[in-house]
Protein chains: 2
Amino acid sequence: MARPKSEDKRNAILDAATRVFAERGLTAAPTSEISKQAGVAEGTLFTYFKTKDDLLNALYREIKLELADAMMSGFPRRKSVRIRLRHVWDGYVNWGVANREKRKVLAQLNVSGMLSKESIEAGSAPFVEMQNTIRDAIERHLLRKGLPIELISKTMAAFAEATMDLIVLKPAMANKYREGGFEIYWAGIARK
Amino acid sequence: MARPKSEDKRNAILDAATRVFAERGLTAAPTSEISKQAGVAEGTLFTYFKTKDDLLNALYREIKLELADAMMSGFPRRKSVRIRLRHVWDGYVNWGVANREKRKVLAQLNVSGMLSKESIEAGSAPFVEMQNTIRDAIERHLLRKGLPIELISKTMAAFAEATMDLIVLKPAMANKYREGGFEIYWAGIARK
DNA sequence: TTTTATACTCTGACTACTCACTCATCTATT
DNA sequence: AATAGATGAGTGAGTAGTCAGAGTATAAAA
């Protein structure tokens with residue numbers, strides 16, 4: 001039934017978009033530059049993504065999925081809360097340091113106001129297991145009393161971001177920062 | 001010496017820019033919309049700011065200065081480290097919650113890559129006293145051993161941001177979040 | 001197996017539009 | 001009178017998205 005779309009071209013466009021967005025910013029990046037770097041015609045970009053907005057949303061979901069994989073794969077379900085959170089933490093920080101462009105684009109997308117509700121929802125779906133871990137920890141009174149659950153996950157993200165910024169600044173200190181960052185975080189939330 | 005520039009017009013432009021940037025994003029916001037909302041002609045904007053980039057940088061400095069004032073005014077130099085940090089924390093969180101648009105624009109500016117080195121430097125200058133407090137605390141071994149100094153200040157910002165997000169989401173919980181946020185932070189960095 | 005029909009993709013020149021910035025003219029201040 | 005600000009229609013550069021014609025992978029027919 002006719003010619004199918006090529007998965008390769010789609011990926012090439014998403015890859016090029018990541019590069020161009022990271023370099024020039026979301027709105028300053030012309031779709032023409034993206035198609036050029038992807039090695040396809042300008043029009044082709046629009047057979048894979050109806051609008052630039054669509055491309056943005058698709059890229060967001062793609063990156064979030066990759067990040068979720070980095071954080072959640074091998075999740076030590078049976079180990080202690082501390083070890084589970086540490087696993088997620090390491091996955092996040094290591095991914096962010098190894099994928100600076102994607103992390104940068106993700107940060108831009110997060111504040112862009114151009115993401116649909118559906119994309120945001122789809123992007124946070126793979127992290128339910130982590131949310132469950134936190135809920136579980138709270139119920140078992142492993143964490144400091146009176147801590148709102150949202151503060152726990154929000155601050156881990158914020159904390160990891162700060163840690164990654166520092167690692168990028170001084171890569172030689174990576175281990176110290178990653179370790180130290182989690183230490184502060186854990187000391188902050190764990191029961192005295 | 002002819003007609004002088006009006007401080008009022010400059011402020012009107014900066015105010016309008018804050019509103020329009022917060023609503024539409026840095027690059028999607030047309031200068032024409034800004035001048036319209038400021039009640040001046042399109043050309044006038046460019047007698048006060050040579051380029052849109054200039055406007056961005058000026059706005060950044062302006063907001064940072066206001067934020068610094070909110071955080072550092074009444075700084076309790078002679079009190080304990082905990083109280084000094086708590087003062088800065090409260091100033092930050094309260095300002096951020098009360099100035100959502102400015103905070104949003106600041107976040108966008110921070111990731112925009114459109115700020116000059118000079119602006120970034122000028123923007124962090126008013127915070128030296130806080131840096132000194134932290135340095136002092138480290139020297140006096142009040143904080144957890146082996147914590148890199150940059151991690152302390154970076155994480156406070158990250159933490160405060162997360163706290164503000166939550167307060168905006170559930171304003172009724174403001175006190176609990178602000179208190180709880182600082183508690184985690186302090187428990188994280190203070191010596192056991 | 002080969003041919004044909006079909007329904008899609010690919011292409012890049014083109015369109016319609018938006019934007020940052022200019023400038024000739026007017027106007028307020030000193 | 002002299003000087004610099006204020007105005008807004010105008011300019012040129014650049015943009016997202018379109019479209020008609022060419023190409024190609026697939027299924028059905030021969």
Side-chain angles (χ1 to χ4, degrees), chain A residues 1-60 62 105 108-109 112-116 119, chain B residues 1-60 62 105 108-109 112-116 119:
Chain A
M1 259 282 279
R3 200 169 168 187
K5 284 183 202 166
S6 134
E7 195 67 24
D8 282 0
K9 283 213 175 67
R10 199 188 120 96
N11 287 334
I13 292 170
L14 287 169
D15 271 10
T18 305
R19 259 175 284 133
V20 179
F21 285 148
E23 192 181 337
R24 314 199 21 182
L26 257 34
T27 46
T31 52
S32 59
E33 176 67 20
I34 295 171
S35 46
K36 192 176 161 192
Q37 288 215 24
V40 301
E42 291 184 32
T44 301
L45 188 148
F46 292 95
T47 92
Y48 286 84
F49 306 95
K50 267 188 107 55
T51 64
K52 191 181 182 182
D53 243 73
D54 264 32
L55 171 59
L56 249 38
N57 278 276
L59 185 59
Y60 174 77
E62 208 83 12
V105 172
Q108 288 177 334
L109 285 165
S112 70
M114 299 171 106
L115 299 174
S116 70
S119 295
Chain B
M1 255 277 282
R3 203 170 166 181
K5 283 185 201 165
S6 135
E7 195 67 24
D8 282 359
K9 284 214 175 66
R10 199 188 119 98
N11 288 334
I13 293 170
L14 287 169
D15 272 9
T18 305
R19 260 176 285 132
V20 179
F21 285 148
E23 192 181 337
R24 315 199 20 183
L26 258 34
T27 47
T31 52
S32 59
E33 177 68 20
I34 295 170
S35 46
K36 191 176 161 192
Q37 289 215 23
V40 301
E42 291 185 31
T44 302
L45 187 148
F46 293 95
T47 92
Y48 285 84
F49 306 96
K50 268 188 105 56
T51 64
K52 191 182 182 181
D53 242 74
D54 264 33
L55 172 59
L56 250 37
N57 278 276
L59 186 58
Y60 174 77
E62 209 83 11
V105 172
Q108 288 177 335
L109 285 165
S112 70
M114 298 173 109
L115 299 174
S116 70
S119 295

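Lettering follows sequence order; numbering is per chain, from 1. From a predicted model like this one, the values you see are computed outputs, not experimental measurements. The analysis underlying the following values was restricted to heavy atoms, covering all of them including side chains, and did not include hydrogens, waters or symmetry mates.
Rounded to whole Å, atom C1' of dT15(D) lies 14 Å from atom CG of Asp53(A). One atom, CZ of Arg3(B), and another, C1' of dT29(C), lie 7 Å apart when rounded to the nearest Å. Atom NZ in Lys5(A) sits roughly 5 Å away from atom P in dT9(C) (whole-Å rounding). Taking atom NZ of Lys36(B) as the reference point, atom P of dT18(C) lies 13 Å away to the nearest angstrom. One atom, CE of Met114(B), and another, C1' of dA20(C), lie 12 Å apart when rounded to the nearest Å. Look at CD on Glu42(B): it is 19 Å from P on dT25(C), rounded to the nearest Å. Rounded to an integer number of Å, the gap from CZ of Phe46(A) to P of dG17(D) is 5 Å. In this structure, Leu45(B) atom CG and dC19(C) atom P are separated by 14 Å, rounded to whole Å.
Proximity note for Thr31(A) (side chain, C-beta onward) versus dA20(C), dA16(D), dA6(D): the nearest is dA16(D). When distances are taken from the side chain of Ala2(B) to each of dT15(D), dA20(C), dA4(D), the shortest belongs to dA4(D). Considering only the side chain of Thr44(A), dT11(C) comes nearest among dA16(D), dT11(C), dT7(D).
The distance from atom CD of Glu42(B) to atom OG of Ser35(B), rounded to the nearest 0.5 Å, is 5.0 Å.
Note on Tyr48(B): a side-chain N or O is less than 4.0 Å away from OP1 or OP2 of dA6(D). Thr47(B) has no side-chain polar atom (N or O) that falls below the 4.0 Å cut-off from OP1 or OP2 of dG5(D). Considering only side-chain N and O atoms, Ser32(B) lies nowhere under 4.0 angstrom from the phosphate OP1 or OP2 of dC19(C). Taking only side-chain nitrogens and oxygens, Lys9(B) comes nearer than 4.0 Å to OP1 or OP2 of dA6(D).
Between the side chain of Tyr48(A) and the backbone N or O of Asn11(A) there is no donor-acceptor pair closer than 3.5 Å. Of the possible polar contacts, one joining the Thr18(A) side chain to the Leu14(A) backbone as a donor-acceptor pair under 3.5 Å is found. A side-chain donor-acceptor contact under 3.5 Å links Lys52(B) to the backbone of Leu26(B).
Nucleic acid contact class of Thr51(B) (heavy atoms, under 4.0 Å, all strands): sugar-phosphate only.
Within the 4.5 Å cutoff, the side chain of Phe49(A) has no heavy atoms near those of the Thr31(A) side chain.
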